[in-house]
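The next block holds one structure in the form of structure tokens; read it before the comments.
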Amino acid sequence: MDCEGLAKKWLSEAFEAVVPGCGGGKVVPSKDTRFGDWQCNDAMGIAKRAGKNPRALAEEVIRALPLPEILEKAEVAGPGFINLTLSKSAVAAGVCALAQDAHLGIAQSGAGEKVVIDYSSPNVAKPMHIGHIRSTVIGNAIDRILRALGYEVIADNHLGDWGTQFGILIMGYRHFLTEEERDNLTVELLEKVYVKSYNATKEDPAWLEQCREELVRLQAGNAENLAVWKRFIEISLKEFGRIYDRLDVHFDLYRGESYYQPMLAPVVETLKEKGLATQSEGAWIVDMKDEGLEVAIVRKRDGGFNYTSTDIATVKDRTESFAPARIIYVTDDRQQLHFKQFFAICAKLGYCAKTVLQHVYFGLMRLPEGTFSTRQGNVIKLETLLDEAAARARKIVDESHPDWSDTARAALAEAIGIGAIKYADLSHDPTTMIVFTWERALALEGNSGPYLQYANARLNSLLDKYRAATGEDPSAHPLVLGTDAEKSLALHLLQYPNTVQRAGDLCKPSILADYLYQLSQLYSSFYQSSPVLKAEPEVRDSRIRLCDAVSKVLRGGLTLLGIPTPERI
Ligand code: ARG
């Protein structure tokens, strides 16, 4: 058992000895380490319930059992806080065990459980815009974190590849593109002709009618229309794939909306049979008054299905195919009502008796001058943003490494640019609105991706220097914690497994980002106060072992966020 586990065990047994059945003994890291490393605040509540004096109770608890070896001391402060100070040797042993463990101490709490994560999910024939970046980046970080916790994750890109827009698009494709353009099709061209064709539907009823006919033909499986539609998907996936490669994001499945089409009529039939769907003005609806939600349409007046019916069928299919413990959806907060509605409908249908449905939503990212993307336009495309980030990082790299080859500089600039964009997104609680500024995202100081990448690279070169100077492995010698800075840093390392667990349970990568930033700050104060390579050999060898553990955790944590970790910066 790790030292946190041992301390908790001792304390809860002590509480049990004093007030049987009270359940006391929770510990949290102390806010102020002058008073101890961990603290327990349970005595106050328990004393109140037992009609005892809280301070006296706390004193009784810490004296109930002999102090275990891992603790240096246990003290009572204020009205009844219990402060625990860990022994340096126990902390050192904990750090060494963590650094040697293949999972860096992360308990495989998800082993044997499946989780489906539905993220990114852009729409075919439309460029991915900045609104999709958060879904891709946050979704991918949750994906990586859950895998690290041992879950079997199924990352599913639920493409928007079906719907009335395809009739409009087919017409635009046939009438507004030259043959050459059709041969060299891009998403940008598709978007252009879509807008043109859409505008035509507003002005020309005959055009609108033709769009409808093309859609009906597509839905009926007309070979020609199906072939064009497949081409739209193929072109879109090629472009999306380019972005996913740059972001190092990979999916296990690409089951778009079209995959579920054959299941929609039966799903609505079931809703009717169960008396859950009723007809209203020609449409089929589910009344959700009891849930305090607006009416949800599941089949439109024209007989067509919609986003809601598709998502209900998706839950049915995913639970039947994978029996996941959780299905997580990552989208912007404008879709909250949609998710509440179809989650409630799935519950009524009994589709998720064994599956938790969870909507992780985020606010849109803004530029100081306004929103990045609106339904009205003013759209900054994702690829443009990534290019801009790499170009800005390139300036920094050119200055610091004029001697490097062009390829090496380009690769580093790309890693810094992507890291900056991802971290700017992940370092905030997803539900908060963020104002994005280039200065903050690319800053080499402060809470930014490049700052953490830089800390990681500096650690790499320190470890390399040690290897070169001594010919030894940085983890070959015992770790002996001397100074307070060393102990604080080591204690923070011990919090890594719990931090990853919490970030995964709450689907908040920002918890891990905060942790890593604190780690780099603690490392930096350690490094400023404690020379490593210049210290006496014994101290040097011990300190380098600590640095090695910091390096492993920092690199491991950044990788869980999907942030590249270049060797040198
Ligand atoms: N394609 C949708 C959009 O771009 C997101 C789909 C999210 N996933 C889902 N199962 N509804 O807004």
Side-chain angles (χ1 to χ4, degrees), residues 115-140 142-143 153-166 169 187 190-191 194 229 232-233 236-237 239-240 243-244 249 251-261 263-264 267 296-298 305-322 324 326-346 351-352 355-365 371-377 379-382 430 507:
V115 177
V116 175
I117 313 187
D118 174 324
Y119 68 95
S120 193
S121 308
N123 300 317
V124 161
K126 286 194 193 151
M128 269 210 240
H129 59 67
I130 189 67
H132 289 114
I133 194 176
R134 299 207 74 189
S135 175
T136 308
V137 170
I138 296 169
N140 185 246
I142 297 173
D143 175 341
V153 175
I154 301 161
D156 190 2
N157 195 344
H158 188 71
L159 296 174
D161 62 358
W162 200 251
T164 45
Q165 71 270 30
F166 285 98
L169 195 58
V187 169
L190 283 174
E191 195 199 22
Y194 172 80
W229 169 74
F232 298 159
I233 296 179
S236 307
L237 283 182
E239 290 192 19
F240 298 156
I243 294 172
Y244 295 142
V249 165
F251 296 94
D252 301 296
L253 288 178
Y254 275 84
R255 285 194 183 158
E257 294 178 15
S258 65
Y259 177 87
Y260 302 95
Q261 290 313 301
M263 307 169 205
L264 303 187
V267 158
I297 297 176
V298 288
F305 299 97
N306 62 4
Y307 197 41
T308 306
S309 31
T310 309
D311 263 323
I312 299 169
T314 307
V315 172
K316 181 171 193 281
D317 187 69
R318 284 174 178 162
T319 49
E320 286 171 1
S321 315
F322 308 116
R326 271 205 268 181
I327 305 178
I328 299 168
Y329 300 81
V330 188
T331 80
D332 75 60
D333 55 11
R334 293 172 303 185
Q335 298 198 26
Q336 280 183 81
L337 176 63
H338 166 71
F339 281 93
K340 281 187 189 142
Q341 286 178 326
F342 87 80
F343 285 2
I345 297 173
C346 288
Y351 286 172
C352 39
T355 305
V356 176
L357 303 179
Q358 192 176 354
H359 182 210
V360 175
Y361 54 87
F362 50 81
L364 285 182
M365 210 192 287
T371 132
F372 257 129
S373 109
T374 65
R375 291 212 193 277
Q376 294 78 39
V379 174
I380 295 185
K381 287 177 193 147
L382 184 46
C507 289

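First listed ligand is number 1; within each ligand, the first listed atom is number 1. Treat the numbers as computed from the prediction; the structure is a model and nothing was measured.
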Per atom 11 (N) of ligand 1, closest listed option by heavy atom (Phe342, Tyr260, Tyr307, Tyr329) | Tyr307
Would you please indicate yes or no on a ring centroid separation below 6.0 angstrom for Tyr361 and His338?
-> no
Any idea which atoms of ligand 1 are less than 4.0 Å away from a heavy-atom of His132?
-> 4 (O)
Under the criterion side-chain contact (heavy atoms from CB on, under 4.5 Å), which of Val137, Ile117, Val153 is the partner of Ile142?
-> Ile117
If you measure from OG1 on Thr355 to CD on Gln358, what distance do you get to the nearest 0.5 Å?
-> 12.5 Å
Pull out every atom of ligand 1 sitting under 4.0 Å from any heavy atom of His158, numbered as shown with elements.
-> 8 (N), 9 (C), 10 (N)
Between Phe342 and Tyr329, is the gap from one ring center to the other below 6.0 Å?
-> yes
So, does Tyr119 sit close enough to ligand 1 that a heavy atom of it is under 4.0 Å from the ligand?
-> no
Per-atom contacts of ligand 1 with Thr331, taking only distances under 4.0 Å to non-hydrogen atoms = 7 (C)
Could you check if a side-chain atom of Phe322 sits within less than 4.5 angstrom of a side-chain atom of Ile327, using non-hydrogen atoms only?
-> no
Selection from Asn123, Asp332, Val315 by shortest heavy-atom distance to atom 4 (O) of ligand 1 = Asn123
Give the residue, atom name and distance (to 0.1 Å) of the protein heavy atom nearest atom 2 (C) of ligand 1.
-> Ser121 O, 3.5 Å
Between Phe251 and Tyr244, ring centroids under 6.0 Å | yes
Which residue holds the protein heavy atom closest to atom 8 (N) of ligand 1, what is that atom called, and what is the gap in Å?
-> Asp118 OD1, 3.1 Å
Between the side chains of Ser309 and Asn306, is a donor N or O closer than 3.5 angstrom to an acceptor N or O?
-> yes
Among protein heavy atoms, which lies nearest atom 12 (O) of ligand 1, and at what distance?
-> Gln335 NE2, 2.9 Å
Atoms of ligand 1 under 4.0 Å from any heavy atom of Asp311, numbered from 1 in the order shown, are 9 (C), 10 (N), 11 (N)
Short list, please: which atoms of ligand 1 are under 4.0 Å from a heavy atom of Phe339?
-> 11 (N)
With sequence neighbours left out, the residues meeting ring pair (Phe, Tyr, Trp, His ring centres under 6.0 Å) with Phe305 are none
